[in-house]
Each structure stands twice: as structure tokens, then as C-alpha cells.
Amino acid sequence: MSERYDLVVVGGGLLGCLTAWTAARDGARVLLADKDQVNQHASGQNAGSLHFQLEYRMVEAGPEAARVAAEAMPLHLDAAARWARLEDEIGEPLGVRRAGGLMVAENADQVRTLRFKAELERSWGLDVRTLDRAELDVLAPYLAPRVVAANLSPLEGKADARTAAPAACRAAVRAGATVRTRCRLTGAGRVPGGWDLTFRESDRAGRTQDRTVRTSAVVLAAGVWTTGLGALFHAELPTVPLALTMTVTSRIPRFLPHLVQHAGTRLSLKQSADGTVLVGGGWPARLARDADGAPAFDRKHHLVPRSVAGNAGAAVRTVPALERVPALRIWVGATTVAPDQLPLVGPVAGAPGVFVATGGSAFTLGPSFAHLLARLVSGRSPEIDLTPYDPARFTERSTV
């Protein structure tokens, strides 16, 4: 066997590309493999939000669920610091803009949610404060009169989801990593000191061939495919796949500098450098499924008209200027969360040398995940306690 690596990263989204770059920069021999193309799936289909506040999905179930979700705050704070310098380190623009983020409220119950959330976030070290309407009139006059208060985090913003992962991939190649696309992991066998991995490669004509490589370590950075890939290593990695609705408008003059979310409904708004407005926030779509009813992640997922209308309605109620702005494109992106809403980050139980990161706000947390994974692969201790994110927390055992 001629091909040997210190690390094979499976998945060519932002997380996989950043992990390959970080490890290669540190001197490891790295292979980055994606079954399709770099940035083809979740990383390239999301809205690029950099959420460091707790999102609506983390607080809608009440205070106890919010307290559990807040256990990811060390990752958020670490990611915020890494995004601040990532463009300089990568050596290319990533479209990072951080003018601050607002979570808005329309009534007294939502204001109470904001105040509870801000106190919880400050207890973890996040810079956040609650603004009244008079302050919002100065900071964010575009908000509807019905908005009575908002939490402000100056760290929040966005990156360009279309270009961030490809830029990180190019940086990985410059650092010495090998990148293969149309290269699907199909098998894994334990060998002394590592793993033999079998990949099925395909060309543009549809011809396939199998390739086996040997590696000391493996990182699974493949989002919705995590559970299936874990099975190749006889490991249980439970994840919950979600199909979510997103909309981009036509270009309009710049007026929306902030990342905006809502304390009472699913909503995420931000305006790109090109003037388009990205609308999201977690309105559900319908996953494509195969004949057995299992999610078919390689197929196009399905829009749900009620979600499209609900998302648009929430956007217009919050920012009335959007009412007459045409929607340019509406699409579905698939992502994954863990059953308890916290990420999976760390070693895969029963599979020595295999590591995983997924779940939570994976685009936001990508730089932090990548740094932690690279440290684990090289045998160094992570600076953040990963116990709350242990991939084995949902199962008593995994076997090889």
C-alpha cells in the first residue's frame, strides 16, 4: 500500500476544510475527501450567520433547555475569537462582517426571555446587553414599531457561505494537504496504529474505482452523513437531520447592518455585501426519503409552502422595508443536531484514532471545532473541556 497519511478528513464543508488546513499547517500529512464537491452541501447552502447568542431554537423550550444549550458557550466564545483573525490566517477574504447581532422582542413575555437569556449568556462571558426602543431607534431604525426591545451582541455577523469553505480548502492545499472529490468512504478496517479506509472514486463519466489508504487518524466532518459514517466504524453517533428553508432577495441599497433574529419566532436576517438579504431562521422543509423511508441526503429536499410563507411573514413583520422586495431564490438546506441540541465533538468511542464534530451551529463553530480536532489528532489536550459534547454520551458502548 503506497498511500499513507497522518490524518484523513471526511467531508469537504467548512469544518472539513478548516480541519485539513489546521492539521496540514501543523505538519501532518492530510487527505481531505468529499463524496461530491467541496462546499456542495450544508456549508454552501446555509445563510452564513455567525450566531454567538443563543438562538431561538435554544430558548423556545424554556429556561432549562436554554441552560443546557448554554453549555456550548465556551465553543461560541472560542469561535468568535477565531473568526476575528481567520481571514488573515487563511490569506483570503471570507466575507466576514461583524456589525453586531440583535435578538428582538415584541411583547413583555419575549422581553422577559431576552433578559433571562442575556443574564445566562453573561454568566458564561458573552458580551450582550438589552436595549430598549429608544436605543433601537438610534441603532436600528429599520425595525418595525412593534419591536420593543432587543439583545445586542457586538460579536455577531456573517461570513460568505459560498466562498469560505473553498478558501479554506485552497489554504489546506497550500499547506500540503491532498484533496479528492467524488471520493466516497465505503469501508474502514482497524490495523495496528490506525485504519485502512476504502474509498469509491468516480469520474465525470460515471466510471468508478476503489482506492484504499492507510491513516493514523480519521476526522468525520460530514454533517448529516455522520451517523451513517459512524456505522462504518461500528460506532453509534446519533444525530437528528433537519431540512430548513432559506430565501435570498434581489439586491437593494444597504440598510441592514446587523444579524437579526427573534425571541418569539424562527427568524434570521442579514444583508450581504452585494445588497441581497438572506432570510432564514429554522423554518422546516421536508427531507427527501428513499423507498424504505430513510432520509436520502443525496436528493433534493422539498419546500413546504407554509414554512416559506411563515418565514417571509416573520421577516416583513420585523423589518417592514422587506415587504416589497422580490425573492430571488428559495431553497432547502440540510443540517444536523444532536438529540440534546449540544454538538458532538471529540473521540469516537470504540474507534481509536477516530474523531467527530457535528451538530449545533456548525458553520459558526467551524473554526473552533477544527482547532480542537487538530489538537486531539496530534495527541494534545484541548483547551476547552469537551465533556458536555462527548459523542458517547447517548450510548453506553460502541464496539469495533
Side-chain angles (χ1 to χ4, degrees), residues 1-13 15-17 19-20 23-24 28-38 40-42 169 172 177-239 241 289-292 294-299 334 336 344-359 373-374 376-377 391-392 394-395 397-400:
M1 182 178 299
S2 58
E3 283 195 74
R4 294 176 180 265
Y5 297 93
D6 300 313
L7 170 64
V8 171
V9 179
V10 182
L15 169 58
C17 293
T19 303
R29 293 168 297 172
V30 179
L31 170 65
L32 172 65
D34 191 279
K35 69 180 194 61
D36 292 308
Q37 297 295 330
V38 167
Q40 183 170 330
H41 296 289
C169 183
T178 299
V179 177
R180 291 204 179 98
T181 56
R182 298 190 184 90
C183 185
R184 181 188 293 265
L185 180 64
T186 59
R190 189 83 176 97
V191 296
W195 295 86
D196 280 350
L197 304 181
T198 301
F199 291 91
R200 177 149 297 167
E201 298 182 338
S202 59
D203 61 20
R204 293 182 182 275
R207 295 182 294 263
T208 64
Q209 66 173 1
D210 288 344
R211 180 195 297 265
T212 300
V213 303
R214 181 161 294 181
T215 182
S216 302
V218 183
V219 162
L220 303 179
V224 294
W225 288 275
T226 297
T227 299
L229 289 174
L232 297 178
F233 298 89
H234 304 282
E236 295 182 42
L237 297 173
T239 60
R289 296 186 179 275
D290 62 21
D292 297 324
F297 299 123
D298 290 324
R299 300 181 188 173
T336 186
L344 303 181
V345 189
V348 174
V354 181
F355 305 88
V356 66
T358 194
L373 290 168
L376 290 169
V377 165
F394 301 108
T395 180
R397 67 184 181 90
S398 292
T399 60
V400 176

Here the pair of heavy atoms bringing C17 nearest to G12 is SG-O, 3.6 Å
Residues passing the side-chain contact (heavy atoms from CB on, under 4.5 Å) test with S216, sequence neighbours excluded, are none
Between P241 and V224, the two heavy atoms sitting closest are CB-CG1, 4.5 Å
A235 and V348 have their tightest heavy-atom pair at CB-CG1, 3.3 Å
Taken in chain and number order and not counting sequence neighbours, the residues that satisfy side-chain contact (heavy atoms from CB on, under 4.5 Å) with A20 are V9, V30, L32, A172
Exercise for the section: Give a yes or no answer on whether the side chain of D203 reaches the backbone of R207 with a donor-acceptor pair at less than 3.5 Å. Expected result: yes
With sequence neighbours left out, the residues meeting side chain to side chain donor-acceptor pair (under 3.5 Å) with Q37 are none
**Message:** For the backbone of T198 and the side chain of T186, can you confirm whether one donor and one acceptor N or O come within less than 3.5 Å of each other?
**Reply:** yes
With sequence neighbours left out, the residues meeting side chain to side chain donor-acceptor pair (under 3.5 Å) with R299 are none
Check your understanding: Is V10 close to V8 at the side-chain level, that is, under 4.5 Å between some pair of heavy atoms?
Key -> yes
Between T226 (side chain) and G223 (backbone), is there a donor-acceptor pair under 3.5 Å? yes
Item to complete: For the pair Y5 and T178, evaluate side-chain contact (heavy atoms from CB on, under 4.5 Å) and give the outcome as yes or no after the intermediate values.
Response: CA-CA 10 Å; Y5 297 93; T178 299; 4.1 Å; yes
Rounded to the nearest 0.5 angstrom, the CZ-CD distance for R180 and E3 is 4.0 Å
Closest non-hydrogen atoms of D34 and G11, given as atom of the first, atom of the second and distance, are OD2-C, 3.7 Å
Do L31 and T215 have side chains that get closer than 4.5 Å, going by heavy atoms?
-> no
Sequence neighbours excluded, the answer for salt bridge (charged side-chain N to carboxylate O under 4.0 Å, His left out) partners of R289 is none
Considering only heavy atoms from C-beta outward, does the side chain of S202 approach that of R184 to under 4.5 Å?
no
Nearest heavy-atom contact between P391 and L344 is CA-CD2, 4.1 Å
Contacts of D290 meeting salt bridge (charged side-chain N to carboxylate O under 4.0 Å, His left out) (sequence neighbours excluded), chain-then-number -> none
Those residues at least two apart in sequence (or on a different chain) that pass salt bridge (charged side-chain N to carboxylate O under 4.0 Å, His left out) with R204 are none
Contacts of R182 meeting salt bridge (charged side-chain N to carboxylate O under 4.0 Å, His left out) (sequence neighbours excluded), chain-then-number -> none
Between D6 (side chain only) and R29 (backbone N and O only), is there a donor and an acceptor less than 3.5 Å apart?
yes
Taken to the nearest 0.5 Å, the spacing of T19 OG1 from L373 CG works out to 5.0 Å
Note to self: Set out, in order, the CA-CA distance, both residues' side-chain angles and the distance that settles side-chain contact (heavy atoms from CB on, under 4.5 Å) for V218 and L185, then state yes or no.
What the structure shows: CA-CA 11 Å; V218 183; L185 180 64; 5.6 Å; no
Indicate yes or no: at least one non-hydrogen side-chain atom of W225 is less than 4.5 angstrom from one of K35. yes
* Asked: Do L237 and T358 pass the side-chain contact (heavy atoms from CB on, under 4.5 Å) test, and can you show the C-alpha distance, the side-chain angles, and the key distance before you say yes or no?
  -> CA-CA 10 Å; L237 297 173; T358 194; over 6 Å; no
*asked:* Given the ring of W195, does R214 sit roughly above its face, with NZ or CZ under 6.0 Å from the centre of the six-membered ring and within 45° of the axis?
replied: no
Residues at least two apart in sequence or cross-chain that pass side chain to side chain donor-acceptor pair (under 3.5 Å) with D292, listed by chain then number, are none
Hits for ring pair (Phe, Tyr, Trp, His ring centres under 6.0 Å) against F199, two or more places apart or cross-chain, chain-then-number order -> none
Heavy-atom closest pair (L15 atom, A357 atom, distance to 0.1 Å) is CD2-O, 3.3 Å
With sequence neighbours left out, the residues meeting side-chain contact (heavy atoms from CB on, under 4.5 Å) with T227 are T239
### Query
What's the verdict on side-chain contact (heavy atoms from CB on, under 4.5 Å) for D298 and D36, showing C-alpha distance, side-chain angles and the deciding distance?
CA-CA 9 Å; D298 290 324; D36 292 308; 4.2 Å; yes
